[in-house]
Amino acid sequence: VTRGVVSRIDLMDYTFSPAGGERQLVMQVDAAINPGNSGGPVLDATGKAVGVAFAKIQNSANIGYVIPGSVVRFFLRGVATCRSP
């Protein structure tokens, strides 16, 4: 288990979109994200899943990024739409 705090919230272009790109939230955290825990859940103080750990900045000390739950839901809706006959 790694602990950290959200150090930045921003909007970034998200290219997986039927509309050709939308701005979605991205969160930067000061928790270490390593090969063993990327893809794992990010929990808030109450234990609720709020996102997925997915990347870190190379050669940095504990700067990682989280895919917020809203973006995960956006992605899953897009996949479901693309699979519909």
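Everything numeric in this text was worked out from a predicted model, so none of it was measured.
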Answer with yes or no whether the hydrophobic clustering places [X] together with [Y]; edges join I, L, V, M, F, W, Y residues whose side-chain heavy atoms lie under 4.5 Å apart.
{"X": "Phe54", "Y": "Leu11", "value": "no"}
{"X": "Val26", "Y": "Ile33", "value": "no"}
{"X": "Val50", "Y": "Leu76", "value": "no"}
{"X": "Ile67", "Y": "Leu25", "value": "no"}
{"X": "Val72", "Y": "Tyr65", "value": "yes"}

Apply side chain to side chain contact (heavy atoms under 4.5 Å, CB included) to Ser7 and list each qualifying residue two or more places apart in sequence or on a separate chain. Gln28
Apart from Leu43 itself, what residues make up its hydrophobic cluster when side-chain heavy atoms of I, L, V, M, F, W and Y under 4.5 Å apart count as a link, directly or indirectly? none
Connecting only ILVMFWY residues whose side-chain heavy atoms lie within less than 4.5 Å of each other, what is the rest of Val5's hydrophobic cluster? none
Kindly indicate whether the side chain of Val42, heavy atoms from C-beta on, has any atom under 4.5 Å from the side chain of Val52. no
Restricting to salt bridge (Lys or Arg N to Asp or Glu O under 4.0 Å), what partner residues turn up for Asp10, sequence neighbours left out? Arg8
Heavy-atom pair of closest approach, residues Ala31 and Gly4: CB-CA, 4.0 Å
Between CG on residue Asp30 and CD1 on residue Ile63, distance to nearest 0.5 Å: 9.0 Å
